[in-house]
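In what follows, chains carry the letters A, B, and so on, assigned in the order in which the sequence lines appear, proteins first and then strands, with residues in each chain numbered from 1. Quick note: numbers below take in every heavy atom, side chains included, and nothing from hydrogens, waters or symmetry partners.
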Number of protein chains: 2
Amino acid sequence: MDPHLLTTFVTVARHGSFSAAAAELGYTQSAVSQQIAALEADLGLPLLLRRPVEPTEAGRRLLEHAGPLLLRLRAARADVLRAAARPGHRLRLAVTPLAVNPVVAARLARARAGNPRLEVSLHTCGRDQAVAMVAEGRADLGLADGLAAPSDPLRLLDAGPMTAVGVSEEELVVALPAGHPLAGRAALALADLVDARWLQTPLCPLARLRDLVGDGFPVGLDYQGDNVHTVLNLVAAGHGLTLLPASALSGAAAAGLPLAAPRLVHRVELLHGALPPGPAADLAAVLSG
Amino acid sequence: MDPHLLTTFVTVARHGSFSAAAAELGYTQSAVSQQIAALEADLGLPLLLRRPVEPTEAGRRLLEHAGPLLLRLRAARADVLRAAARPGHRLRLAVTPLAVNPVVAARLARARAGNPRLEVSLHTCGRDQAVAMVAEGRADLGLADGLAAPSDPLRLLDAGPMTAVGVSEEELVVALPAGHPLAGRAALALADLVDARWLQTPLCPLARLRDLVGDGFPVGLDYQGDNVHTVLNLVAAGHGLTLLPASALSGAAAAGLPLAAPRLVHRVELLHGALPPGPAADLAAVLSG
DNA sequence: GATGCTTACGTATGACGTAATGATT
DNA sequence: AATCATTACGTCATACGTAAGCATC
């Protein structure tokens, strides 16, 4: 169960080919073959079917473990090195699309005003990627957002010991077309909307909604993108409903109605590993309020 | 960052001695010295101070990562092997002290009645140990209990992909001496008790309580044991209060008052890894109701 | 017959043990 | 002086590359 062999295994499984994996990893075909053979001998089980190359049942289980395992290994190394590295003025933040809300943006401005030498760059990415970037040291801080019950933490990918502190919790609103039959109400209960058509977007994943509330929420349209204006235009055109933080709807093409029950909020959390005193720690302190 | 070297590192750190670690691991002193040197060279940092042998700051960070990492590695291996192993009739359950409540015990009886060949053994241990035992395949199923908000999952140690399903949620009561000034009330709010003295026990860890409710809950007495009768006698004698599932107080020396707010429950979860069809899967199905 | 995985074999790297060296109490 | 970690060196295992073999499309 050498991580080296595990890396090779996941690469082979991803490509469905020994030779392609060998090319990516800088090995010969033969070496990859030997590594897979060694892993299979170690476990006493075949992990891959050949021709076509695809994982066996045991292989699929191992794949489920291998990804997180290798991530944590990289995270451990990065965390140790980061704790020892001398802090700089250039800070990279990994942010999810809706994490930079007015509260966060204002705090960021305050931090920059307090330290003019600070150079900040924001990199938008998905939630798991943000966690991975912080864990692996490719970002100094992370800001991740998501749906949660009030004062409940987000369920983030576990990449080992990492700090996650709540930064803001904001009201969620149901975005729906201006002419929608329910658009006149003062507030909406999610229970009344389980049978409506919903947008499936990374900004409001229906799987998470079902997880929190229960079954239902049929998919009206799947939008693989994180542009709020696009989402609102899709909502306005009747493709489906979605949930957004209230601040994301200012001057929008769609109506936004507060969510009555069950009570859910849009939560933003700040992520970071070990932070030696320095600009990164200062920024983290300002952002977490 | 070879797991091999990581294992050696944690062993050395635990013993505070290269030679003792070498003896435990079956290496020579020299080999251990070389392994630590290799790890330090790989990271470019000293991890241990010598004479006396104790971790540096970087070493402490690595230690935090190494334990869970090695656990997940063993868990991955165990999970793959378990999925392939032929199921037997002897099932080992890792259970935390309060996990076997009347509901669980009744379901276990039902399962045994339904399959007379079933041989079950229960092994009591702490929560993290229970997770580790299931993850590493030293137990077929696990039953873990803890405090949680209603229908919230327990926060268990993450040892990789593992199934955790709720089995029972039960009312919590505040155990207090029969003559206590509050003992006459119908129910109690936790907020009224943050300044009372509390028992610190594995059955009701105050850290978890503070995590869920807020600061306070000063320690009256620390009891390192899991015997409910002992706890109730300590409560009756006025050493401090504690929370227990209602069913644990039948015929007790202390009074038990229902908890009004904030609403917390005693939750039991069933843990298992990959379960091929067989007695283990059948038992899991019965236990999860 | 071409493509792609496996096997055989030679080489080189490195991991451990023995034994000598050095440091600390 | 005794204890314990480090360094030096010899040996053995193993991991990779080259090249030949073999199965599948």
>> Tell me if the side-chain of B/S19 makes a donor-acceptor pair with the base of D/dT3, cut-off 3.5 Å, by modelled atom types.
In response: no

>> Can you measure A/D42 atom CG to D/dT14 atom C1' for me and round it to whole angstrom units?
In response: 14 Å

> To the nearest angstrom, how far is A/L49 atom CG from C/dT6 atom P?
Replying inline: 11 Å

> B/H4 NE2 to C/dC16 P: how many Å, rounded?
Replying inline: 6 Å

> Which of the following nucleotides, D/dC16, C/dG17, C/dC5, is nearest to the side chain of B/Q34?
Replying inline: C/dG17

> Considering only side-chain heavy atoms of B/V53, which listed nucleotide, D/dG17, C/dG17, D/dA5, is closest?
Replying inline: D/dA5

>> Between A/Y27 and D/dC16, is there a contact of a side-chain N or O with OP1 or OP2 at under 4.0 Å?
In response: yes

> If you check the A/S17 side chain, which of C/dC5, D/dT6, D/dG17 turns out closest?
Replying inline: C/dC5

> Is there a donor N/O on one and an acceptor N/O on the other, under 3.5 Å, for the side chain of A/S30 and the base of D/dT18?
Replying inline: yes

> Which nucleotide, C/dT24, D/dG17, C/dG4, lies nearest any side-chain atom of B/R51?
Replying inline: C/dT24

>> For a quick check under 3.5 Å, do B/E24 and B/T11 share a side-chain donor-acceptor pair by atom type?
In response: no

> Between B/D2 (CG) and D/dA15 (C1'), how many Å, whole number?
Replying inline: 14 Å

> For the pair made of NE2 in B/H15 and C1' in D/dA5, what is the distance, rounded to whole Å?
Replying inline: 17 Å

> Any Lys/Arg nitrogen of A/R77 or A/E136 sitting under 4.0 Å from an Asp/Glu carboxylate oxygen of the other?
Replying inline: no

> CD of B/Q35 versus P of C/dA15: gap in Å, rounded?
Replying inline: 9 Å

>> What is the distance, to the nearest angstrom, from the CD1 atom on A/I36 to the P atom on D/dA15?
In response: 14 Å

>> Counting the benzene-type ring for Trp, do A/H4 and A/F9 have ring centres under 6.0 Å apart?
In response: no

>> Testing A/L283, A/L141, A/D140 one by one against A/L275 for a side chain to side chain contact (heavy atoms under 4.5 Å, CB included), which residue passes?
In response: A/L141

>> Suppose we call a contact any N or O donor and acceptor under 3.5 Å apart; does that hold for the side chain of A/R50 and the base of C/dC5?
In response: no

> Is the phosphate of C/dC5, meaning OP1 or OP2, less than 4.0 Å from a side-chain N or O of A/S33?
Replying inline: no

> Are the charged groups of B/D158 and B/R72 less than 4.0 angstrom apart, N to O?
Replying inline: yes

> Among D/dC16, C/dC5, D/dA5, which nucleotide sits nearest the side chain of B/Q29?
Replying inline: D/dA5

> Given atom CZ of B/F18 and atom P of C/dT24, what is their separation to the nearest angstrom?
Replying inline: 14 Å

